[in-house]
Amino acid sequence: MSSTSYPESAQDWRGRFIANLAAGLARRPDLALSLWTPPGELPAQAAGITTDEEERWLRRLQERGGIAHLLRQHKFLALATATGLLARMRKAYRRSHVDVVHVNWLQNALPLWGTTTPAVISVLGTDFALLRLPGMKPLLRSVFNQRRTILAPNAQWMVPELTRLFGDVAIIHPVSFGVDESWFALRRDVPQNDEHHWLAITRLTKNKIGDLFDWGDGLFGASRTLHLFGPMQEKIALPSWIQYHGSTHPAALLDTWFPRASGLITLSRHDEGRPQVMLEAMAAGLPVIASDLPAHRDIIAHRHTGWLAKSSKDFGHALTYMEQPEQNLLTGAAARAWAKKSMGTWDDCAARYAILYAQLLRPPA
């Protein structure tokens with residue numbers, strides 16, 4: 001399995017879902033997992049195949065914010081860096097003798113060109129920005145056409161477009177990511193007073209923040225506070241009514257913030273897949289107020305497992321609605337039930353991927 005993002009430590013927010021997926025796959029007795037990732041603590045049952053030089057190079061890439069961040073800030077540097085990344089991945093794919101390669105993000109499938117190893121490719125929402133680049137779709141089609149390929153988007157809303165673009169050269173089979181057991185086990189105190197703490201957990205870019213600052217102006221103050229978490233990846237002026245805490249990690253959210261929060265807010269306009277923090281919040285029984293995007297509609301049933309806000313006025317109504325103790329509890333319970341049924345744990349996710357690996361290795365009918 002290849003990935004250009006991986007947490008360096010338990011306190012590192014980067015690539016956390018990749019580490020969880022890798023751990024789930026490594027626990028399966030029917031799989032032997034090799035990992036090509038930036039440096040970090042790998043599952044005991046997995047073999048790391050990244051060379052020392054590649055680890056140093058990938059660490060520097062992560063420290064710069066990754067390819068997507070470089071494209072926003074330094075386009076020429078991003079192009080040079082992307083060339084270096086693809087060259088290193090190409091060498092890794094060619095020296096690895098495996099039955100199936102599992103690629104995370106479409107861009108990381110490009111170096112497979114010229115090989116025939118069957119591939120499962122996890123497609124995320126950010127991949128749709130890649131597909132808008134000139135010449136990218138025919139290049140990917142040529143890669144898929146060289147092998148048995150399964151494209152595994154992590155949300156159902158991506159399936160129609162992927163089928164239109166690649167349905168004749170790849171199988172399109174959505175696979176939901178899982179959630180760690182600890183989120184399902186969390187017990188929170190539903191706010192019973194007039195003090196409400198709302199959380200926004202996101203990378204700080206203009207599109208990820210979306211309408212949050214505009215719609216939230218005048219709605220937050222002494223008794224209703226908004227706590228913002230995440231790395232600053234673009235220069236954004238923060239309103240005075242925001243309480244900004246910088247980057248965070250799962251242990252801090254589990255132990256300190258989720259138990260006392262009224263809910264999670266995301267008003268993103270970004271190319272989202274299935275935002276993992278939303279899934280974790282729902283698994284923890286935390287109501288979510290989200291912008292009305294396809295990715296969010298794929299997760300939230302309006303006024304049942306959360307609220308899809310369409311305007312600033314609607315956002316204000318959502319806050320008032322979710323701050324009612326009984327409604328907060330009912331929404332959180334419905335969100336947790338949906339998460340348990342629709343996604344389950346990372347072990348459940350690993351089982352879904354294992355079925356796809358076996359499908360690729362069966363002789364063609």
When you compare the side chain of Val175 with that of Ile150, does any pair of heavy atoms fall below 4.5 Å? no
Does anything in residues 325-365 form a ring pair (Phe, Tyr, Trp, His ring centres under 6.0 Å)? List the pairs, not counting sequence neighbours. His102-Tyr353, His102-Tyr357, Phe177-Trp346
With sequence neighbours left out, write down each residue that passes side-chain hydrogen bond (donor to acceptor under 3.5 Å, both in side chains) with Arg147, or none if nothing qualifies. Thr115
Looking at Gly306 and Thr331, what are the two nearest heavy atoms and their distance? N-CG2, 3.6 Å
Main-chain N/O of Ile171 paired with Arg148 side-chain donor or acceptor, under 3.5 Å: no
For Lys91, the side chain to side chain contact (heavy atoms under 4.5 Å, CB included) test, sequence neighbours excluded, returns Arg95
Using the side-chain hydrogen bond (donor to acceptor under 3.5 Å, both in side chains) rule, collect all pairs that involve residues 15-33, keeping only residues at least two apart or in two chains. Arg27-Asp347, Arg28-Asp30
List the steps and the verdict of side-chain contact (heavy atoms from CB on, under 4.5 Å) for Met1 and Thr37. CA-CA 8 Å; Met1 184 168 79; Thr37 67; 6.0 Å; no
Taking all atoms of both residues into account, what is the closest heavy-atom pair of Ser291 and His296, and its distance? O-ND1, 2.8 Å
Residues in side chain to side chain contact (heavy atoms under 4.5 Å, CB included) contact with Gln156, at least two apart in sequence or another chain: Val159, Pro174, Asp298
List the residues meeting side-chain hydrogen bond (donor to acceptor under 3.5 Å, both in side chains) with Tyr321, not counting sequence neighbours, and say none if there are none. Gln327
Measure the OG-CG distance between Ser5 and Asp12 for me, rounded to the nearest 0.5 Å. 8.0 Å
Tell me whether Ser122 contacts the main-chain N or O of Asn104 through its side chain, where contact means a donor paired with an acceptor under 3.5 Å. no
Rounded distance [0.5 Å steps], CD1 in Ile289 versus CG in Leu319: 4.5 Å
Among all residues two or more places apart in sequence or in another chain, which pass the side-chain hydrogen bond (donor to acceptor under 3.5 Å, both in side chains) test with Thr51? Glu54
Could you tell me whether the side chain of Asp314 and the main chain of Lys310 form a donor-acceptor pair under 3.5 Å? yes
Which atom names give the shortest non-hydrogen contact between Leu112 and Gln146, and what distance separates them? O-OE1, 4.0 Å
Are the side chain of Arg224 and the backbone N or O of Leu219 linked by a donor-acceptor pair below 3.5 Å? yes
With hydrophobic residues grouped by side-chain heavy-atom distances under 4.5 Å, do Val120 and Val98 end up in a single group? no
Heavy-atom count check: over 12 atoms from other residues, nucleotides or ligands less than 6.0 Å from Glu41 CD? no
Within this structure, what is the OG1-CG distance for the pair Thr50 and Leu42, rounded to the nearest 0.5 Å? 7.5 Å
Under a single-linkage definition using a 4.5 Å side-chain heavy-atom cutoff for Ile, Leu, Val, Met, Phe, Trp and Tyr, are Trp13 and Leu279 assigned to the same hydrophobic cluster? no
Could you pull out the closest heavy-atom pair between Leu360 and Thr149, with the gap in Å? CD2-N, 4.1 Å
Parallel, tilted or perpendicular: which fits the ring planes of Phe144 and Phe166, with parallel below 30° and perpendicular above 60°? perpendicular
Same apolar cluster (I L V M F W Y, side chains within < 4.5 Å links), Leu361/Leu356: yes
Is it true that Ile121 and Trp113 fall in one hydrophobic cluster, defined by side-chain heavy atoms closer than 4.5 Å? yes
Minimum side-chain heavy-atom gap Pro39-Tyr6 below 4.5 Å: no
Nearest heavy-atom neighbours spanning Val288 and Ala281: CG2-CB, 4.1 Å
Give a yes or no on whether the backbone of Pro239 and the side-chain of Tyr244 come within a donor-acceptor separation of less than 3.5 Å. no
Start with the C-alpha distance between Leu86 and Gln107, add both sets of side-chain angles, then the distance that settles side-chain contact (heavy atoms from CB on, under 4.5 Å), and finish with yes or no. CA-CA 9 Å; Leu86 296 179; Gln107 66 189 27; 5.6 Å; no
pair Leu212-Leu226: side-chain heavy atoms closer than 4.5 Å: yes
Glu53: what forms a side-chain hydrogen bond (donor to acceptor under 3.5 Å, both in side chains) with it, not counting sequence neighbours? Arg88
Side-chain donor or acceptor of Asp127 paired with backbone N/O of Leu124 under 3.5 Å: yes
same_hphob_cluster(Leu85, Leu133) at 4.5 Å side-chain heavy-atom cutoff: yes
Nearest-0.5 Å distance that lies between atom OG1 in Thr305 and atom CD1 in Ile300: 6.0 Å
Could you check Asn207 against Thr205 for side-chain hydrogen bond (donor to acceptor under 3.5 Å, both in side chains), going step by step and ending with a plain yes or no? CA-CA 6 Å; Asn207 282 338; Thr205 68; over 6 Å; no
When you measure from the side chain of Arg297 to the backbone of Asp292, do you find a donor-acceptor pair of N or O atoms at a distance under 3.5 Å? yes
Residue pair Val179 / Lys340, side-chain heavy-atom distance below 4.5 Å: no
Restricting to side chain to side chain contact (heavy atoms under 4.5 Å, CB included), what partner residues turn up for Ala47, sequence neighbours left out? Ser34
Would you name the heavy atoms of Ile265 and Leu267 that are closest together and state the gap between them? CG2-CG, 4.1 Å
Keeping the roles fixed (side chain from Arg260, backbone from His197), state whether a donor-acceptor pair exists under 3.5 Å. no
Just do the side-chain contact (heavy atoms from CB on, under 4.5 Å) check on Arg188 and Asn328 with the steps written out, would you? CA-CA 11 Å; Arg188 51 185 291 267; Asn328 192 286; 3.0 Å; yes
Approximate separation, where rounding is to 0.5 Å, of Arg14 CZ and Arg203 CZ: 12.5 Å
Any donor-acceptor N/O pair, Arg336 side chain to Ala283 backbone, under 3.5 Å: yes
Measure the spacing between CG of Leu330 and CE of Met322 and express it to the nearest 0.5 Å. 10.5 Å
Please state whether the rings of Trp215 and Phe315 are parallel, tilted or perpendicular, taking 30° and 60° as the class boundaries. tilted
Donor-acceptor contact present, side-chain Glu234 to main-chain Lys206, <3.5 Å: yes
Residue list, side chain to side chain contact (heavy atoms under 4.5 Å, CB included) with Pro259, at least two apart or on another chain: Leu186
Who are the ring-ring contact (aromatic ring centres under 6.0 Å, His included) partners of Trp198, not counting sequence neighbours? none
Quick one, Pro153 and Leu162 - any side-chain contact, counting heavy atoms below 4.5 Å? yes
Do Leu131 and Leu140 pass the side-chain contact (heavy atoms from CB on, under 4.5 Å) test, and can you show the C-alpha distance, the side-chain angles, and the key distance before you say yes or no? CA-CA 9 Å; Leu131 292 174; Leu140 285 168; 3.6 Å; yes
All pairs passing ring pair (Phe, Tyr, Trp, His ring centres under 6.0 Å) where residues 22-43 contributes a residue, at least two apart: none
